[in-house]
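These notes concern the structure reproduced below.
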Protein chains: 2
Amino acid sequence: MSEVGAAQAADQPEISFDGDPLALERQVCFALAVASRSVIALYRPLLEPLGLTHPQYLVMLALWQRTPRSVKELSAVLQLDAGTLSPLLKRLEAAGLLVRQRDAGDERALAVTLTERGTALREQALRIPEAVVRRLGMSLAELQHLHESLTRVIAAANAGDPDSGERP
Amino acid sequence: MSEVGAAQAADQPEISFDGDPLALERQVCFALAVASRSVIALYRPLLEPLGLTHPQYLVMLALWQRTPRSVKELSAVLQLDAGTLSPLLKRLEAAGLLVRQRDAGDERALAVTLTERGTALREQALRIPEAVVRRLGMSLAELQHLHESLTRVIAAANAGDPDSGERP
DNA sequence: CACAATCATTTTGTACACTAACCAATGGTG
DNA sequence: CACCATTGGTTAGTGTACAAAATGATTGTG
């Protein structure tokens with residue numbers, strides 16, 4: 001028997017059980033991180049046949065809605081750093097799903113355009129949302145509700161930021 | 001300015017709101033990922049004076065609740081891979097916040113124990129939760145509610161998994 | 001038109017996160 | 001007690017994330 005995980009001692013004179021503001025189980029940031037990882041893990045087996053990671057899937061969602069798009073535009077829509085997108089887009093290009101070429105009108109910008117193969121992949125992606133919801137086994141109403149809550153948190157978190165919101 | 005997000009039609013009470021099941025703005029996984037990153041970004045400036053990243057902060061929360069703990073135990077509580085924790089714990093050890101030594105009772109297991117410095121750091125961490133809530137500017141009730149929603153998603157996502165739940 | 005400021009993107013460096021392969025200690029079982 | 005599947009950790013490899021510096025194109029101002 002290991003001695004590491006011995007039961008919590010009864011003699012905790014200072015701050016106590018549920019009055020602890022640092023209690024792990026009560027941190028929203030912890031719940032967010034775990035929920036995010038857990039749900040993304042659900043996508044992994046579904047995305048693997050398409051050869052996509054979850055961030056790559058999100059980029060494809062953005063491009064299926066509109067193409068071509070610049071890195072800056074993708075960065076804004078996905079709320080992802082341009083420095084993160086750069087290598088990610090290169091991998092998608094290497095996979096033959098898109099091409100990266102300079103914008104004719106503005107040589108600074110990149111025009112990220114889906115290839116035929118990239119566009120066609122959407123057909124297979126169409127099954128994914130339903131499969132995830134089924135695996136989750138939660139009601140659509142509750143998921144919708146969660147989505148609204150998350151949208152409010154995102155707005156609140158971005159409210160005091162240099163980017164994102166705050167228009168004077 | 002681009003006209004990307006043309007306004008949503010009036011009201012569709014049932015399924016298929018704007019028709020596209022792959023619409024980025026409707027994906028719960030996307031909202032989760034963005035919310036998680038946005039909220040964690042809020043912690044960055046607060047954690048920087050303590051010399052901690054957010055994952056490291058979560059490990060410290062777990063250890064402030066109980067120490068020593070094995071890697072396996074931390075892995076279970078934090079829902080984090082042991083392969084992720086291993087280098088993370090080494091960095092915390094290098095920072096002088098904990099020590100990693102083999103468990104006397106079971107040489108396979110590691111006893112992760114807070115140092116005095118690691119224990120003392122809790123005092124400064126105590127201010128963080130309130131500061132984050134203030135920056136978010138959301139009511140405690142709504143945060144509490146979100147936490148409950150997230151807990152249900154986590155449970156649902158882990159329900160069909162090899163790990164976590166499901167004991168026949 | 002020169003040229004500094006700005007802009008879009010890329011690169012570099014550090015730190016997660018997960019899979020898979022690996023290794024040493026452990027604890028049945030015959 | 002010798003065999004060997006299991007267990008607890010570590011390592012390697014790939015792919016995000018983010019900050020900060022670097023690169024190259026574009027624009028505003030004189």
Side-chain angles (χ1 to χ4, degrees), chain A residues 1-5 29 33-45 47-48 51-59 68-76 78-95 100-112 161-163, chain B residues 29 33-34 36-45 47-48 51-59 68-76 78-95 100-112 161-163:
Chain A
M1 212 12 177
S2 158
E3 313 185 356
V4 178
C29 64
V34 173
S36 177
R37 287 202 315 266
S38 299
V39 170
I40 287 174
L42 246 51
Y43 280 81
R44 236 186 297 279
L47 289 176
E48 204 225 319
L52 294 175
T53 65
H54 190 262
Q56 290 169 3
Y57 171 66
L58 295 181
V59 169
R69 287 179 112 134
S70 69
V71 173
K72 183 176 180 59
E73 209 180 335
L74 287 171
S75 170
L78 298 169
Q79 303 221 46
L80 251 188
D81 203 86
T84 299
L85 279 171
S86 197
L88 199 158
L89 292 171
K90 284 185 186 172
R91 280 186 280 270
L92 287 175
E93 183 177 45
R100 305 169 334 114
Q101 55 205 152
R102 288 291 155 182
D103 184 330
D106 185 345
E107 287 286 337
R108 289 173 305 179
L110 205 68
V112 179
D161 261 28
D163 317 320
Chain B
C29 65
V34 173
S36 177
R37 280 190 280 109
S38 301
V39 170
I40 287 174
L42 246 51
Y43 280 81
R44 236 186 296 280
L47 288 174
E48 205 226 316
L52 293 176
T53 66
H54 191 262
Q56 289 169 3
Y57 171 66
L58 295 180
V59 169
R69 286 177 113 131
S70 69
V71 172
K72 180 172 184 59
E73 210 180 335
L74 287 171
S75 170
L78 298 169
Q79 305 222 45
L80 251 187
D81 203 86
T84 299
L85 278 170
S86 198
L88 199 159
L89 291 171
K90 283 185 185 173
R91 281 186 280 270
L92 287 174
E93 183 177 43
R100 306 170 331 116
Q101 56 204 154
R102 288 292 157 181
D103 184 330
D106 184 344
E107 288 286 336
R108 288 173 307 180
L110 206 67
V112 179
D161 262 28
D163 316 321

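In what follows, every chain begins at residue 1, and chains take the letters A, B, ... in the order their sequences are listed.
- In this structure, CG in B:L47 is found 9.0 Å from CD in B:Q56, a value given to the nearest 0.5 Å.
- Here A:R37 does not reach the OP1 or OP2 of C:dC16: none of its side-chain N or O atoms lies under 4.0 Å away.
- Distance B:L47 CG to C:dC16 C1': 15 Å, rounded to the nearest Å.
- The side chain of B:P55 sits closest to C:dA17 out of D:dT10, C:dA17, D:dG15.
- The side chain of A:R44 sits closest to C:dT19 out of C:dT19, D:dT26, D:dG15.
- The minimum heavy-atom distance between B:L58 and A:C29, with the atom names listed, is CD2-SG, 4.3 Å.
- When distances are taken from the side chain of A:R102 to each of C:dT10, D:dG9, D:dG15, the shortest belongs to C:dT10.
- Listed candidates were C:dT10, D:dG8, D:dT26. Nearest to the side chain of B:A109 is D:dG8.
- Whole-Å rounding puts the B:Y57 OH to C:dA15 C1' distance at 19 Å.
- Judged by distance alone, with hydrogens and angles left aside, B:R108 brings a side-chain donor or acceptor within reach of the base of D:dT7, the pair sitting under 3.5 Å.
- When distances run from any side-chain atom of B:D81 to the nucleotides D:dA17, C:dT9, C:dC18, the shortest one goes to C:dC18.
- Side-chain atoms of A:L80 lie closest to D:dA17 of the nucleotides D:dA17, C:dT19, C:dA8.
- Taking only side-chain atoms of B:S86, from C-beta outward, the nucleotide of C:dT10, D:dT11, D:dC18 with the closest atom is D:dT11.
- The side chain of B:K72 sits closest to D:dG8 out of D:dA17, C:dT9, D:dG8.
- Comparing C:dT10, C:dC7, C:dC16 by their closest approach to the side chain of B:T53 singles out C:dC16.
- The distance between atom CG of A:L58 and atom P of D:dG15, rounded to the nearest whole Å, is 17 Å.
- Rounding to whole angstrom units, CG of residue B:L89 and C1' of C:dA17 are separated by 14 Å.
- The residue from B:L78, B:L52, B:T53 that alone fulfils the side-chain contact (heavy atoms from CB on, under 4.5 Å) condition with B:V59 is B:L78.
- Heavy-atom nearest nucleotides on DNA chain C were determined for B:E107 and for A:S38, and the one closer to the 5' end corresponds to A:S38.
- At least one donor-acceptor pair under 3.5 Å links the side chain of B:R102 to the backbone N or O of B:R108.
- Distance A:L110 CG to D:dG24 C1': 13 Å, rounded to the nearest Å.
- Residue contacts for A:S70: at a heavy-atom cut-off of 4.0 Å it reaches the sugar-phosphate backbone alone, with no base atom in range.
- Applying the 4.0 Å criterion to OP1 and OP2 of D:dT10, one finds that B:R100 has a side-chain N or O inside that range.
- Nearest-nucleotide assignment on DNA chain C puts the 5′-proximal partner with A:K90, out of A:K90 and B:Q56.
- Side chain of A:Q79 to backbone of B:V34: no donor-acceptor contact under 3.5 angstrom is found.
- In this structure, A:Y57 and A:Y43 have tilted ring planes: the angle between them lies in the 30° to 60° band.
- To the nearest angstrom, C1' of D:dT10 lies 14 Å from CG of B:L88.
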